[in-house]
Amino acid sequence: MNFLLPYFYRTDLPKFFFSKYWWRKSTNEKVIYLTFDDGPVPIYTDWVLGQLRQYEAKATFFCVGENIQNYPAIFIKIMEEGHSVGNHTHNHLDGWRTPNTVYRENIRLCQQEMDKFELDRKPILFRPPYGKIKNSQFSTIEKEYQVVMWDVVTGDFDTRISPEVCWENARKLTRNGSIVVFHDSEKASPSLYYTLPRFLEYFAKQGFRFEKL
Ligand SMILES: [Zn+2]
């Protein structure tokens, strides 16, 4: 089954080639970095925040600029509850299919929304949608942004994968220092709702902490 699902692997190989990106934090400590992409949105982001609160878990939310524009109160809530936020472009663009100037401008538009809330973090965290960014695009943002990829993709966004398989995948692949991707979105919600509570309970029992980037 795995050969049909090319993202079901831990990303040791790309990490070697793209060492300026964060893939995982090298550590012996029991710490996991949960990340949630594509919010902020009503219902799903709120639900995630509630789950994290139960475990005093901190996480990182890669937000889409137009969603921040539409739901600023949820964006504020993420920050008020002590989580990190990062830029995920304004319209969720695929870098491989987007001209560099358009891509750069789209990152700026998202940043404009984020900056309304006077975030002073430098460098700013950035996750390219679909993990797709060209080297020539990276070089234009490299000074201002830290690109954050991942170590574990749960596949929650893929409706071909059952919630049970998503949970199994997340449990098996996560290790010390893993950066784990979930999505606070309607599409991902069946797998997200199944997996996240189990994930938090299981790894908390194993003595893991959940920290923001
Ligand atoms: Zn995304």
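Counting starts at 1 for both ligands and their atoms, following the listed order. Count residues from 1 along the sequence.
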S.K.: From the N, O or S atoms in Asp38, identify the one nearest to the Zn ion (ligand 1).
M.R.: OD1

S.K.: Any side-chain donor-acceptor pair under 3.5 Å between Asp184 and Thr45?
M.R.: yes

S.K.: Is Lys25 positioned over the aromatic face of Tyr33, cation under 6.0 angstrom from the ring centre and no more than 45 degrees off axis?
M.R.: yes

S.K.: Parallel under 30°, tilted from 30 to 60°, perpendicular over 60°: which one fits the rings of Phe199 and Phe210?
M.R.: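 Tilted, since the angle between the ring planes falls between 30° and 60°.
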
S.K.: Between the side chains of Ser185 and Asp38, does any donor sit under 3.5 Å from an acceptor?
M.R.: no

S.K.: How wide is the angle at the Zn ion (ligand 1) between NE2 in His88 and NE2 in His92, to the nearest 10°?
M.R.: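 The two atoms subtend 100° at the Zn ion (ligand 1).
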
S.K.: Taking N, O or S atoms only and a limit of 2.8 Å, check whether His183 reaches the Zn ion (ligand 1).
M.R.: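 False for His183.
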
